[in-house]
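What you see is a predicted model; the values in this text were computed from it and never measured. Throughout, protein chains are lettered first and strands after them, A, B, ... in sequence-line order, and every chain is numbered starting at 1.
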Amino acid sequence: MKIDIEKLKKIVGEKNLSDNLADLYVYGADASVHQALPTVIVKPKTIEDVQKIVRYANQNKIPVIARGAGSGTSGHTVPIDGGIILDMKRMNHIIEINPEDMLVRVEPGVVDDDLNRALKPLGLFYPPAPASSRIATIGGEIAANASGVRSVKYGATRDYVMAMKVVLANGKLVNLGSNTRVHSSGYQLERLIVGSEGTLGIVVEATMGIRPIPKYRCLAVANFDKLEDAGNAISDIISSGAEPSMLELMDKIGIIAVNKAMDLNLPEVAAIIMFEADGNVKKAVDFEIEKMKKICEKHNGTGIEMSYDLAERTRLFSGRKKLFASLSRYKEGIICTDLADDMGVPNSKIAVTAKKIHEIAERNNVIMAVYGHCGSGVIHTKIMLDPKKKSQWKDAEKVIEELYDYVHSIGGVTSAEHGIGLSKAPPWKKARSDILPVMRSIKKALDPNNILNPHKLHDAPDDWVGATNLRYKVG
Amino acid sequence: MGVIGKLFYYKKKGNLKRLKKWEGELNKCIRCGYCYELCPLFKSQNWESDTPRGKLMLIYGMISGEIEPNQQIVEKLFQCFYCKNCSDNCSAGVPVTDILTDARADLIEAGFDVEGTIVNINEDLCSVCGVCVPVCKYDALSIEKVGKDENKIVVDKIECRGCGLCVAACPSGAISQKEGCEVTLPELHKKVTDLLKENKDMKAIVFCCNWSLFPGMQLSESPTLVKTNYGLIVSMCSGRVAPELVLNAIEEGAWGVMVAGCPPEECDHDGNYKTRRRLVLLRNMLKELNIEPERIKLDWFSTKESAKLTKSIDDFVKKLEKLGPIKKMEESKKIGG
């Protein structure tokens, strides 16, 4: 691919561009199983920088892939066709904190935790926070419609997007949305950009809603001897009208993994549920916690511990917080791959899906933990396998096909909060074949030269294993 | 399976024998990237290839044969201060720095020679006095015979942690580190100057050791810079805070200087003992100049004791406000200059 490096250097400055192999190799990967090489990495600082780069790329039909922290789990930013990686981390200004209008205006490279650090002294917070909030950028969170542990009460990124500035594929800058809480003024284009994974435009500024930090938070943990009981307790909590601010599940595989990795000494029961309530009136928080506790007990939940104390809450939650990486420690020779990682299922289907996941895994010689923000229907799994064996990748392919067929059959979705990227595209395309032509039309209208993160989502290859190099050395 | 095709393979330079045993551990890295937050090098460089995750990717690429080590890749792998924030906090338990040490050994064996964050000896300035040798807890410095009556200081590039203690200890200024990672004397000095220039109300300069402070990496820029009356500079070890840095800060208008280090017995480099001795001498020097010695403060903080650190700084600034600006600037200038 021919790219005029000198031209790009003039835009961002020499030290903000790299085409050396050390950088290309690293920027060609994320937290997924995929790996490919970009042609060049550029780090814009201003909206004008982004416009100039995109305009040049469009004229020359060069792929442009915007990248935040590179914490995506499905290969969203892996440059399958090479091209320009736009590292947005230099655009990291929190431009405005506006407590009167309860909004913030940020550049896309602002890190979620940094935003919350800036908001905390004002008694405010930005709620969607995914587990990766320590590094995840707001731009990346918009691209994936990220959500997190508190989304069961506070919603996902899409619920906080008010307005944004977007650079289109032709380099033009458009203002989408408004600074009002609601608007009914034509297409909600700002919502269209949410979850578009960098395929429709480059977000260069975002206005996001914020909330006051509640005065009280109480976290409780309950143990279950049957995974099914835990799943049913979660479904009941939600359908009872209780208002958890967090409702998390962790199965025995997860518990064993965090015990091994972090020496937590958690009881190795079939499942643990963590539930939290928050609010400004302590009695109301007590009421919610008590209500959830009773439902857990009804479903044979035991050993229920609870605390308002921050240090204690942090201790109780520490295992869940670091579960993802800990899974690699579950068993010698087995590692954790980011596959089939975030399906969403209807509230009534938590228990049956959890059971089904274990059943499918066992039948196909892999291990799968079941955990996640189950209160909002998000079931996180990971496929744990021996990456060196070719047969294990065949097993993984079978698991993915079977599992997603099941999830879709019960009214679930392929991805609840991580996005489709490359590795989830085949089952998603299979399930949503009806809407693919609509999506392709939208893409064509906004990006006729197909330069923005090409061959992802609806245009991703049908074979996820062969879509790129795998990050593992197989065989 | 699309493993081969888009990336190229090569015949390995050297056999990378130490690294091969880490393949299983490298597979266990899930590449979540959470280690970014804790990496001081990423904060100064802002390239993902400088993060622990990036380094592990490069190592994996080398042992799998996908990428051939070149000068730029090797330079990245030799840039690390071994603060171990990444290894200590990786819930996949990947021993990042152990892997990195083996990478260094293999790459040196393969014939690479780079600067990284390793110290460099200027032989024209070095008198081979040997002061630096016992300063290094990792035995990275030694005196080697090179001729009949000639010795020289040799740096073990595998063992050097880049803490800079020897740089601060060298009486001839013969030891240095590469510019660009915000750890050299001129870079630290510039930070002092910039902080004092930026904010005329700045009372104190606080040098915090990277380990004791545990860098809660603020990677984004806030809208309204909260103007504090102290400026914080993170150094790789309290022992790196050379006397001239303290005196320069006072000369340039700071009302006082505080050094925050790891508690005794907790310093990875035993640099805190050196700092304690050094600051006693500096306080005595201030006394000689009729400047209140309490304008230099030393305090210890364990990892994550940020609340204690904030309180200690606040107390120090209050004390400085009572003392007011330094009156005997003329005398201090003579020493500082």
Using a cut-off of under 4.5 Å on heavy-atom pairs, state which of [options] scores highest against chain B.
options: A:S326, A:P121, A:A261; result: A:S326
options: A:M262, A:E332, A:K321, A:R67; result: A:R67
options: A:P387, A:S132, A:G475; result: A:S132

Proximity breakdown for [X] and chain B, heavy-atom pairs closer than 4.5 Å:
X: A:A131; answer: both
X: A:D463; answer: neither
X: A:R105; answer: neither
X: A:K388; answer: side chain

Check: [Y] main-chain N/O paired with [X] side-chain donor or acceptor under 3.5 Å:
X: B:Y60; Y: A:K473; answer: yes
X: B:K28; Y: A:I334; answer: yes
X: A:Y27; Y: B:E48; answer: yes
X: B:Y36; Y: A:A69; answer: yes
X: A:K43; Y: B:N46; answer: yes
X: A:R329; Y: B:A92; answer: yes
X: B:R31; Y: A:S32; answer: no

request  = Sort B:L26 into side chain, backbone, both or neither according to what part of it lies under 4.5 angstrom from a heavy atom of chain A.
outcome  =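 Only the backbone of B:L26 comes within 4.5 Å of chain A.
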task = Identify which part of B:E25 has an atom lying under 4.5 Å from any heavy atom of chain A, answering side chain, backbone, both or neither.
result =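 Interface part for B:E25: side chain.
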task = Check A:V26, A:D23, A:L21 against B:L58 for a side chain to side chain contact (heavy atoms under 4.5 Å, CB included) and give me the one that passes.
result =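 Testing B:L58 for a side chain to side chain contact (heavy atoms under 4.5 Å, CB included) against A:V26, A:D23, A:L21 leaves exactly one candidate, A:V26.
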